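Everything below concerns the one structure shown next.
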Protein chains: 2
Amino acid sequence: MQTTAKPMPTNATADTIASALSQAIHEHRLAPGTKLGEDDLSDIYGVSRTIVRTALQSLAHQQIIEIKRNRGAFVAQPSLAEAHEVFEARELLEPRTARSAALNATPDDVALLNDHITQEHAAMDTGDRGRALFLSGQFHIEIARIAQQKTIADMINVLIARSSLIIALYWRRESALCESQAHHALIKAIGDNDGARAEELMQSHLVDLHSALNLNELPAVEHDLRAMLLGDGKR
Amino acid sequence: MQTTAKPMPTNATADTIASALSQAIHEHRLAPGTKLGEDDLSDIYGVSRTIVRTALQSLAHQQIIEIKRNRGAFVAQPSLAEAHEVFEARELLEPRTARSAALNATPDDVALLNDHITQEHAAMDTGDRGRALFLSGQFHIEIARIAQQKTIADMINVLIARSSLIIALYWRRESALCESQAHHALIKAIGDNDGARAEELMQSHLVDLHSALNLNELPAVEHDLRAMLLGDGKR
DNA sequence: GCGCACAATATTGTATACAATGTTATGGCA
DNA sequence: TGCCATAACATTGTATACAATATTGTGCGC
């Protein structure tokens with residue numbers, strides 16, 4: 001039996017769609033290189049191509065996808081050079097931001113961070129690696145938010161989205177995703193309002209991540225957009 | 001005699017329009033708060049609203065303009081808090097980028113920077129303060145380019161555009177725009193491949209700029225879009 | 001004259017139609 | 001069979017039509 005159409009919840013906005021795609025990319029449900037056809041997406045979300053286009057342009061500005069003229073939108077495939085650039089930028093921004101966060105953090109903030117970690121562990125336990133990855137990214141964004149630097153937080157947000165693509169392409173499997181420990185230590189430093197230590201920990205955490213990149217590029221794969229994005233278990 | 005219509009060179013692309021608007025804002029020909037009507041712009045550039053919209057969305061992503069739903073696009077009016085954030089972000093990124101630039105710079109790069117300064121002086125001499133401001137921004141972007149960090153350069157690019165708005169709103173006139181001297185010193189450090197000094201100079205240059213901001217917000221003014229954007233001397 | 005309700009207008013939001021371009025399939029020819 | 005030209009198709013680019021919303025203007029009652 002073929003499942004056809006079903007226009008979807010509809011009334012989706014450009015932001016909704018951009019978020020959904022962004023999250024799907026974060027969680028590695030959409031692989032680098034995957035084509036994002038406008039008609040496909042408008043069918044899936046039940047809106048016109050106009051809206052889809054707006055969403056795609058937004059993602060293109062974040063360099064999460066690449067729009068090739070007359071060819072369409074594709075999930076970005078950062079080069080190795082870009083990969084290094086992204087992590088170098090993160091190394092400039094995040095350590096000092098972690099320091100600010102440590103100085104600003106309230107108990108509520110710390111609780112929220114702990115909550116993040118808990119969810120991260122839960123996702124790991126259920127084997128949902130993609131979700132764990134997404135949450136570990138959110139952790140970094142949360143720290144930027146706590147630092148109350150919206151401008152910097154926005155930049156980090158974009159860098160983390162790109163990092164997710166980089167991890168999808170260049171991660172060497174040997175180095176197990178041992179983020180949890182680093183994140184735990186960070187929370188402690190932040191909870192203690194120890195700015196210097198938070199900065200230091202973030203710095204080394206990023207260096208760890210950066211050095212865990214590999215040199216050989218992986219090929220891009222095609223996916224069933226609807227299944228990847230809606231994830232409903234119809235077969 | 002009233003000058004009407006004249007659809008303009010036409011065949012303008014979204015990028016063309018975004019650049020034109022961006023530059024106009026850089027040069028303070030478009031004041032913060034100015035409304036950018038879609039019909040106005042499509043008339044001016046001779047394209048459909050579709051293209052104009054794409055351009056506006058692009059600028060909105062850079063936070064150069066603000067799009068209010070069902071209200072339209074307006075040149076952004078950064079709050080004082082945002083102003084500080086922008087300069088704090090620049091202080092995180094630019095000094096170290098200047099260091100990289102100093103280490104990477106070729107004689108050609110230095111020549112190009114000197115050329116920039118020359119043009120800046122020329123604009124100053126002809127009293128074209130707007131153009132001088134634009135060029136001094138480009139100077140910073142050029143340094144990021146020399147550092148060969150495209151990702152960071154893009155971020156700095158956006159920050160500088162926002163800085164231009166901030167200067168329009170919060171600049172205290174007393175402190176004369178003495179950028180030239182700081183820029184000269186920077187070029188020297190870069191030409192000597194003296195990374196440490198370049199970083200130091202950039203840092204203090206940014207602190208100078210940051211501390212030259214004022215506290216009282218200026219009101220926004222309306223402008224004749226066509227005249228501001230096309231600048232052709234028809235009266 | 002002032003304030004409010006409501007109508008008229010203008011502007012943006014969304015969908016759709018058509019044009020331009022790229023991709024794929026087909027068929028002739030060597 | 002293999003290759004190229006060309007036609008059929010699919011997809012994106014742009015313009016326009018219509019709907020939804022905000023803004024402005026008008027007139028009535030007080």
Side-chain angles (χ1 to χ4, degrees), chain A residues 4-21 30 33-61 64-76 220-226 228-229, chain B residues 4-21 30 33-61 64-77 220-226 229:
Chain A
T4 38
K6 182 165 77 169
M8 244 305 79
T10 199
N11 74 6
T13 71
D15 282 340
T16 310
I17 297 174
S19 295
L21 289 173
L30 287 175
T34 305
K35 166 141 198 192
L36 302 172
E38 298 182 359
D39 279 329
D40 296 336
L41 292 173
S42 41
D43 282 353
I44 290 173
Y45 292 107
V47 293
S48 77
R49 279 175 50 215
T50 308
I51 310 291
V52 170
R53 247 153 175 285
T54 306
L56 290 177
Q57 280 162 16
S58 169
L59 296 175
H61 278 293
I64 293 172
I65 72 172
E66 189 184 356
I67 295 179
K68 302 182 185 174
R69 182 167 177 95
N70 288 322
R71 300 276 324 279
F74 302 83
V75 177
V221 210
E222 277 296 317
H223 283 117
D224 175 0
L225 269 188
R226 182 181 302 272
M228 295 300 104
L229 291 173
Chain B
T4 38
K6 181 165 80 168
M8 244 304 80
T10 201
N11 74 7
T13 72
D15 281 341
T16 310
I17 298 174
S19 294
L21 290 173
L30 286 175
T34 305
K35 165 138 197 193
L36 302 172
E38 299 182 357
D39 279 329
D40 295 336
L41 292 173
S42 40
D43 282 353
I44 290 173
Y45 291 107
V47 293
S48 78
R49 278 175 52 218
T50 308
I51 311 291
V52 170
R53 249 156 172 282
T54 304
L56 291 177
Q57 281 163 16
S58 169
L59 296 174
H61 279 118
I64 294 172
I65 71 172
E66 188 184 356
I67 296 178
K68 302 182 185 174
R69 184 169 176 93
N70 287 323
R71 300 273 327 280
F74 303 82
V75 178
Q77 295 180 285
V221 210
E222 278 294 319
H223 282 114
D224 174 359
L225 270 188
R226 183 180 301 273
L229 291 173

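Letters A, B, ... are given to chains in the order of the sequence lines, protein chains preceding strands, and every chain is numbered from 1. Computed from a predicted model, the values in this text were never measured in an experiment.
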What's the [atom1]-[atom2] distance between [X] and [N], to the nearest Å?
X	N	atom1	atom2	value
B:Tyr45	D:dA15	OH	P	15 Å
A:Gln57	D:dT12	CD	P	13 Å
A:Ile17	C:dT14	CD1	C1'	12 Å
A:Asp43	D:dA10	CG	P	14 Å
B:Ile51	D:dT12	CD1	P	16 Å
A:Glu38	C:dT16	CD	P	15 Å
A:Arg49	D:dT12	CZ	P	7 Å

Any non-hydrogen side-chain atom of B:Ser58 less than 4.5 Å from a side-chain atom of A:Gln57?
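No, their side chains stay 4.5 Å or more apart.
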Please state whether the phosphate of C:dT14, meaning OP1 or OP2, lies under 4.0 angstrom from any side-chain nitrogen or oxygen of A:Thr50.
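For C:dT14, OP1/OP2 do not have a side-chain N/O of A:Thr50 under 4.0 Å.
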Examine C:dG22: is either OP1 or OP2 under 4.0 Å from a nitrogen or oxygen in the side chain of A:Lys35? Give yes or no.
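So the side chain of A:Lys35 is outside the cut-off, no N or O lying under 4.0 Å from OP1 or OP2 of C:dG22.
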From [X] atom [atom1] to [Y] atom [atom2], the distance as rounded to the nearest 0.5 Å:
X	Y	atom1	atom2	value
B:Asp39	B:Ser48	CG	OG	10.5 Å
A:Leu41	A:Lys35	CG	NZ	10.5 Å
A:Leu36	A:Ile64	CG	CD1	11.0 Å

I need the single residue from A:Leu59, A:Leu30, A:Leu21 that forms a side chain to side chain contact (heavy atoms under 4.5 Å, CB included) with A:Val75. Which is it?
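Result for side chain to side chain contact (heavy atoms under 4.5 Å, CB included) with A:Val75: A:Leu30.
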With respect to B:Val52, which candidate in B:Thr50, B:Leu56, B:Thr54 satisfies the side chain to side chain contact (heavy atoms under 4.5 Å, CB included) definition?
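So the option named by the test is B:Leu56.
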So which of residues 65-75 of chain B are in contact with DNA chain D, with a heavy-atom cut-off of under 4.0 Å?
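Hits under 4.0 Å, by residue number: B:Asn70, B:Arg71.
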